Structures are given as C-alpha cells and as structure tokens.
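The structure appears right after this line, and notes come after that.
Quick caveat: nothing in here was measured; it's all calculated off a predicted structure. In each ligand, atom 1 is the first atom listed, and ligand 1 is the first ligand listed.
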Amino acid sequence: MNTVFADGNPQAQVMLIGEAPGEDEDRQGKPFVGVSGKLLDRMLAQIGLDRSTVYISNILPWRPPGNRSPTQAEIAACLPFLERHVELVQPKLLVALGGVSAKTLLNRAEGITRLRGQWRSYEVTGKSVPLMPMLHPAYLLRNPIAKREAWRDMLALQQKIAEDGTK
Ligand code: URA
C-alpha cells in the first residue's frame, strides 16, 4: 500500500535499519509501528532514546507479500537508495536490526547471532561509520530468552553514545 521511507529525526546521530515493513508499517507508511516497533520503542526508552533522538529506516521500503523474507534481487535493487539515504543523513552510529540488515550492510555471510554484540564498520563514501548488529525485535518476541543479549547490545550502544557525546 505504502512506501515506508523512514521515521524519527533525520538529524539524529543514531540511525537504525531494519529489514522491511510488515503489515502495520505498510498500512501506516512508517517503520516499526507494529508489535516489533512497540518493543523497539521500549528497548530504546531503556537507554534514554526515542523517535526524536533516533532515525529509523529499513533495507526495503516496501512490504514483501505475506511477510516473506526479501529476495537477494529485491535487496540488491533497493540497496543503492539506502546507501544514498545513509550518506545524506550522515549518522554517527548505525544499528542493524536483524540478520538481513546486518548481512546486507556489512556484506557478510554470517548470521546475526555471530555478528551481533560487537561494533563493526559500515563504509559509506570513504567514511567508516560504527555499526552495531542487534537481534531483531520480532526475534526477541519469539525468543524472549535472547533479550539478555539484546540488553547487552543496548548497553553497548548507550556507552558508545556517552563516549562519543552523540545523541
Ligand atoms: N520489521 C522490520 O524489519 N521493519 C519494520 O519496519 C517493521 C518490522
């Protein structure tokens, strides 16, 4: 129904990138407004962030039919637009939410459980932006035990924001 471009503050220093809109996002035209989004908002609130202090987008701006995973062709078609988006927003820190986002942005084959928990780098026009891969909120809803790891990653984000004086 809708192109889901972004939500939050485009001047924010922290940019979060998810996978693709779901049904609620497609209907409202905004990323992370469904149940995963509610959890994401609560996670952000724990470290003093909200949609006025972060900027949120997705790898794909359109909902894959029936919530299937995006295909490689779809990701490849949308990636140049996301790259330009990041280049224009110039975030100080990036968060990749879930495996599709982390693998795409880091150009790595490993899954999110291997990639998460460590600061990595996203290269954009000769600049390197620190990127933290995190478990996707939808995954956390299905596997609440993994919230432990997610909490560690949120604290790492909070610490990095404090160190760099970003927000
Ligand atoms: N899941 C995502 O990856 N992105 C959204 O915008 C909503 C759910």
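- For E25, every heavy-atom contact with ligand 1 shorter than 4.0 Å involves the side chain, none the backbone.
- Taking the six-membered ring for Trp and thresholds of 30 and 60 degrees, H85 and Y55 have ring planes more than 60 degrees apart, a perpendicular arrangement.
- If you check which protein heavy atom lies closest to atom 4 (N) of ligand 1, you get N58 OD1, 2.8 Å.
- Distance CH2/W119 to CD/Q159: 10.0 Å, rounded to 0.5 Å.
- Side-chain contact between R27 and M1: present, with at least one pair of heavy atoms (C-beta onward) separated by less than 4.5 Å.
- With a 4.0 Å cut-off on non-hydrogen atoms, S101 does not touch ligand 1 at all.
- Below 3.5 Å of separation, one finds no N or O of G18 facing any N or O of ligand 1.
- Closest non-hydrogen pair, E25 versus G34, comes out as OE2-N, 3.0 Å.
- Contact check on R116 versus D153 returns a salt bridge, with a Lys/Arg side-chain nitrogen under 4.0 Å from an Asp/Glu carboxylate oxygen.
- Near P31, meaning under 4.0 Å from one of its heavy atoms, ligand 1 places the atoms 6 (O).
- For the pair F32 and ligand 1, the shortest N or O to N or O distance falls below 3.5 Å.
- Between L93 and M132 the shortest side-chain heavy-atom distance does not fall below 4.5 Å.
- Checking only distances, H136 does come within under 3.5 Å of ligand 1, N or O to N or O.
- Distances from ligand 1 to the non-hydrogen atoms of A138 include no value under 4.0 Å.
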